[in-house]
Chemist: 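Take a look at the following structure, please.
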Amino acid sequence: MQSRRWFGGAGFSFADDPVTETLSQAIRGTGEELDREPDTGVLFGSLRGSVVGLRYYTGVVNKGEMVSLVRQPQNPYDRNAVMVANVYGSQVGHIKRELAVLLANIMDNNLARVEGVVPFGVTNQFTMSVVLSFWGREENRDAVVRQITSRSFKLQSGPTGFMCADGSRDLPRKSVLLTAEELKNAFDNLFENLMEDKIGEREAVEAVCTPLLPHQKQALSWMCVSENNAALPHFWEVKGKLFYNTLTHSSVRERPQRVRGGILADDMGLGKTLTTIALILSNFHHGKPLCEPEKSSPEPKASTTARKNPEGKCVCSDISGTCSSLTNVDSALSLSLALSLSPSGKSGDGDQAEVSVAPAGHSPCMRANQAETQVVCVESVDVVQEDVVEDGDKDLVSEKKAKGRPQGGKAKATTTKKAAKTKGKAVSTSRKGKSVVSPVEAASSQSTDDPAARATLIICPLSVLSNWLDQLDQHVRADVKLNVYLYYGSERNRDTHFLSSQHMVLTTYNVLSADYSGSASPLHTVSWLRVVLDEGHIIRNPNTQQSKAVLKLNTQRRWILTGTPIQNNLRDLWMLVAFLRLKPFDVREWWNRVIQRPVTQGDKTGLQNLQALVKCVTLRRTKTSRVCGRPLVSLPERSVRIEEVELTQKEREEYELAHTEGRTTISRYVAEGTVLRNYADVLAILVRLRQFCCHPGLLGKTTTHTGVVAVTPAELRERLIMKLRLVLGTGSDEECAVCLDSVRLPVITHCAHVYCRPCIAEVIRSEQEQARCPLCRGQIKASELVEFPLEEEEESNLLENWRSSSKVEALMSSLLRLRSEDDSIRSLVVSQFTRFLTILEIPLREEGFKFVRLDGTMSQKRRAQVIQEFQSDAPGSPLIMLLSLKAGGVGINLSAASRVFLMDPAWNPAAEDQCVDRCHRLGQKRDVVITKFIVKGSVEENMVKIQRQKQDLVEKAFGTKNPSERKTSRVDEIRALMEL
DNA sequence: ACCGCCGGGTGCC
DNA sequence: ACCGCCGGGTGCC
């Protein structure tokens with residue numbers, strides 16, 4: 001149950017995808033790999049060619065350096081032109097004409113990827129050698145070889161003359177290969193112990209009222225250093241006047257842009273939000289507190305006041321530049337900003353505002369909302385002198401003055417429950433005569449920085465938005481005036497000056513990408529000081545709009561907060577690296593060549609490079625990490641017990657019937673060797689058996705036998721709908737193989753694969769007649785996509801013909817016993833089948849339990865309500881939460897519960913861990929007891945066995961193991977489940 | 001480019 | 001002299 005494994009879903013949670021092993025993934029894992037990601041492939045061979053025209057271009061290359069080949073079909077001299085560029089994208093030359101014809105052909109037809117390495121570097125100003133290697137799918141090998149030989153080029157087998165990543169000559173692949181075991185260990189440890197060099201501690205400024213735990217101080221220290229320190233990552237070496245990258249063997253004349261920011265990948269519950277709040281308040285420009293006065297301010301008032309303040313104290317100033325220390329709150333002129341957290345009258349769906357923070361009287365949101373929570377606002381000296389305030393803002397300023405700022409803001413702030421006063425827009429544009437900084441600080445600031453940038457943009461999933469507001473409320477001193485604007489809801493203020501003048505702007509990924517797809521995106525116009533991606537792994541798929549939108553933000557510092565830097569695969573890391581602009585790996589080709597491919601092939605050097613790279617931008621601690629020999633956090637114990645459930649005679653008969661039938665079908669597939677081709681069927685059988693173990697009512701009315709060839713279109717349709725229901729109803733959050741996100745508007749193909757309708761429609765549209773299923777390459781047609789019919793009312797049926805089941809009884813007797821022993825103990829009742837939760841409601845109600853329910857179908861707003869209700873200790877609040885395994889997500893805090901009843905085993909043990917983590921986290925006061933109900937002598941028992949084995953599978957981490965090995969293990973798994 | 005290619009100058013050995 | 005050879009001019013795609 002430990003979170004040593006930071007990949008594959010262990011020990012973390014993820015809002016959209018707690019169940020890592022979805023059907024698509026399972027199918028994808030069978031070796032019918034999608035080659036849409038061209039980062040793997042086999043080496044066809046290599047050949048020596050020449051690069052010409054060097055004298056016309058400025059790009060430099062070293063001996064052994066990689067170069068990229070870029071087609072230039074628009075080149076006026078030769079439509080076959082292939083441009084050669086170095087790691088930084090500077091053009092070096094062109095591929096010689098005759099060779100370019102060949103490459104153009106291969107590249108344009110996507111027969112192979114062509115990669116170049118310069119074996120000798122530049123020896124003259126006219127031409128140089130390049131070794132080209134060809135990578136692609138095995139099925140294209142012949143075509144490529146034919147192309148090459150027919151144009152009388154000679155393809156050498158292997159990467160002759162290819163330079164290893166370590167610069168040594170790779171004479172027929174001499175790179176040290178690791179065993180699977182070594183690789184697994186290395187991978188496991190990749191994100192571990194990334195704190196050895198980062199052990200400094202730093203206190204937060206006083207504006208943060210929650211004392212930081214030691215590990216949080218370390219994180220703060222590390223984050224400040226990451227933002228301020230000018231040092232380059234150690235894979236850069238200064239060689240003469242050049243900067244040399246030891247990973248790519250490339251040099252640049254200009255100092256590379258270092259990353260300012262990084263990945264804070266602590267386990268959930270360790271306080272990433274608090275640490276980030278501390279960072280925002282503690283590390284403004286030049287390492288000063290957000291609200292420290294300018295020491296170099298020409299105004300004597302300001303400087304004298306400033307000097308009175310000890311280092312690290314937060315200092316406020318009013319708009320005219322008068323400063324006062326927060327430690328002397330009464331004299332602080334504070335501008336209070338109200339935050340309103342209210343049930344928005346109009347929010348119907350998840351995209352509506354539920355919470356809004358707005359400067360009172362400035363945002364239309366405020367009118368509709370009633371403030372319930374007070375948020376404070378730190379007025380910073382950086383807020384400009386009045387003379388800088390733009391015309392349009394003067395009114396606001398004077399309005400503010402007229403109304404009078406709350407003096408002695410402390411009292412005001414704590415009592416004001418309604419939106420009080422706003423500072424309106426404070427535009428900090430022109431900042432002449434500003435700041436004299438110390439040499440160290442000067443070194444750390446980059447000339448391109450916009451000194452006026454002051455706002456931090458926080459982007460998070462909607463589900464944790466309210467958490468940020470809560471945490472700000474909780475951790476920021478009430479007398480500190482922090483301008484926080486919630487950029488959310490249709491009435492959001494899109495004025496970029498207004499946004500720029502905030503201390504913090506909170507928004508969601510959805511809002512960001514919605515804005516981005518529009519014309520002038522305000523968030524993309526603002527020059528941010530810092531952008532923080534909360535649950536940053538959300539952007540792991542580079543193809544999504546939100547990922548694209550995030551990359552385009554204009555900011556000086558970038559942070560990613562995530563408990564799971566890699567979700568399934570090393571590939572997930574790339575987008576994070578790209579967001580951080582960790583040069584040159586933000587370009588996919590270099591990531592693939594230097595990191596992705598070598599690592600997935602088990603190359604030791606590649607792994608070392610990856611480790612170096614991760615280490616220089618990441619801090620990760622787990623709940624079990626230790627600081628100076630002591631655990632970071634001490635959580636109450638947690639224990640797991642398995643309760644075996646005996647089926648009744650009748651249930652056993654029903655189960656056996658289904659089991660025998662399923663076995664027959666599957667054993668036929670096994671005998672035919674067609675298990676994987678019929679994977680959807682096989683899974684359907686297994687799901688049915690699992691449902692039997694819980695309650696017969698889960699099966700629904702459609703029990704058409706699988707595996708039987710459908711004769712009529714109506715029957716086929718019926719079967720497909722059933723499969724669709726199975727896929728979507730198992731609690732696994734099905735992933736669409738096209739967009740790699742949760743399936744929206746699900747449709748199922750005739751080959752039984754599920755996609756989002758828009759995604760697969762697009763595939764069909766673009767491929768026309770040749771459209772093939774991305775998962776199995778079977779032919780697909782738009783007319784054959786089957787949609788989910790409107791759900792017939794089966795619920796009533798279920799309730800009317802109520803019967804219990806052994807598992808229901810087992811749960812009920814546990815709950816009743818618990819209530820009689822201690823009625824203050826709260827429980828989570830977890831199932832993958834939302835229908836099962838519905839069934840469980842009946843006996844719970846009968847026994848008079850007060851319960852709430854949280855499942856994936858609920859709106860965010862409703863979820864938040866339910867969680868709040870459950871967490872509340874008010875009398876009469878619910879004792880039980882019915883929780884679907886896929887519901888909720890990161891940041892969900894269910895610490896009120898100390899009992900977890902896992903009703904049915906999950907495919908992926910990590911999903912269970914994750915669920916348990918929702919209550920076994922900071923704030924948990926009691927020991928946590930987890931009960932797993934397992935039906936004796938059923939597939940469930942076998943699943944538990946397989947879970948154990950699974951925890952050790954390497955392929956989970958890489959997803960790129962030898963396909964045949966994977967196939968066999970998958971089939972073996974099914975055989976084990978069915979005891980074949 | 002310490003090359004290849006082109007085209008003008010040239011022409012026994 | 002409708003060739004060969006020489007040597008200067010020249011040069012990515």
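Labels below follow one simple rule: chain letters A, B, ... track the order of the sequence lines, proteins then strands, and each chain is numbered from 1.
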Chemist: Parallel under 30°, tilted from 30 to 60°, perpendicular over 60°: which one fits the rings of A:W591 and A:F585?
Modeler: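 Geometry flag for A:F585 against A:W591: perpendicular rings.
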
Chemist: Give me syn or anti for C:dA1, where syn covers glycosidic angles within 90 degrees of 0.
Modeler: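 C:dA1: syn glycosidic orientation.
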
Chemist: Could you state the atom-to-atom distance from NE2 of A:H94 to P of C:dC12 in whole Å?
Modeler: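 Value for this atom pair: 11 Å.
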
Chemist: Angle between ring planes, A:Y244 versus A:H249, binned at 30° and 60°: parallel, tilted or perpendicular?
Modeler: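 Because their plane-to-plane angle lies in the 30° to 60° range, the rings of A:Y244 and A:H249 count as tilted.
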
Chemist: Not counting sequence neighbours, which residues clear salt bridge (Lys or Arg N to Asp or Glu O under 4.0 Å) with A:K583? List them please.
Modeler: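 With neighbours one apart ignored, the set is A:D586.
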
Chemist: Show me the pairs that pass ring pair (Phe, Tyr, Trp, His ring centres under 6.0 Å) and involve residues 61-84 of chain A, at least two apart or across chains.
Modeler: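 Ring pair (Phe, Tyr, Trp, His ring centres under 6.0 Å) check on residues 61-84 of chain A returns no pairs.
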
Chemist: Name the nucleic acid region contacted by A:D78, choosing base, sugar-phosphate or nothing; use a 4.0 angstrom heavy-atom cut-off, strictly under.
Modeler: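 Since only primed, P, OP1 and OP2 atoms lie under 4.0 Å of A:D78, the category is sugar-phosphate.
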
Chemist: Does A:E762 have any side chain to side chain donor-acceptor pair (under 3.5 Å) partners at least two apart in sequence or in another chain, and if so, which?
Modeler: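 For A:E762 the side chain to side chain donor-acceptor pair (under 3.5 Å) partners, ignoring immediate neighbours, are A:R765.
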
Chemist: Output the rounded distance in Å from CZ (A:R79) to P (C:dC13).
Modeler: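 It works out to 15 Å between those atoms.
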
Chemist: Whole Å only: how far is the NZ atom of A:K96 from the P atom of B:dC5?
Modeler: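 Going from A:K96 (NZ) to B:dC5 (P), I get 9 Å.
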
Chemist: Atom CD of A:Q72 and atom C1' of C:dC12: how far apart are they, to the nearest Å?
Modeler: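 In whole Å, C:dC12 C1' and A:Q72 CD are 11 Å from each other.
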
Chemist: Please report the distance, rounded to the nearest Å, between CD in A:Q74 and C1' in C:dC12.
Modeler: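 Rounded to whole Å, this separation is 18 Å.
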
Chemist: Round to a whole Å and report the spacing from CG of A:L102 to P of C:dC13.
Modeler: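 Going from CG in A:L102 over to P in C:dC13 covers 15 Å.
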
Chemist: Write down the distance between CD (A:E98) and P (C:dC13), rounded to a whole number of angstrom.
Modeler: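 For the pair A:E98 CD and C:dC13 P, the rounded distance is 7 Å.
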
Chemist: Could you pull out all residues at least two apart from A:D142 that satisfy salt bridge (Lys or Arg N to Asp or Glu O under 4.0 Å)?
Modeler: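 By the salt bridge (Lys or Arg N to Asp or Glu O under 4.0 Å) rule, A:D142 matches no residue at all.
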
Chemist: Give the rounded distance in Å between these two atoms: CZ of A:F126 and C1' of B:dC5.
Modeler: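 Distance check: A:F126 CZ to B:dC5 C1' gives 15 Å.
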
Chemist: Roughly how far apart, to the nearest Å, are B:dC2 and C:dC13 at atom C1'?
Modeler: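 The same atom, C1', in both gives a distance of 25 Å.
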
Chemist: What interatomic distance, in whole Å, is found between C1' of B:dA1 and the corresponding atom of B:dC6?
Modeler: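 The answer is 15 Å between these two C1' atoms.
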
Chemist: Given that both distances must come in under 3.5 Å, which nucleotide forms a Watson-Crick or G-U wobble pair with C:dG9?
Modeler: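 Partner of C:dG9: B:dC5.
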
Chemist: Please list residues of residues 51-59 of chain A whose heavy atoms come under 4.0 Å from any atom in DNA chain C, ordered by number; otherwise none.
Modeler: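 Contacts with DNA chain C under 4.0 Å: A:V52, A:G53, A:R55, A:Y56, A:Y57.
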
Chemist: Please name all residues satisfying side chain to side chain donor-acceptor pair (under 3.5 Å) with A:N140, sequence neighbours left out, ordered by chain then number.
Modeler: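 For A:N140 there are no side chain to side chain donor-acceptor pair (under 3.5 Å) partners, ignoring immediate neighbours.
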
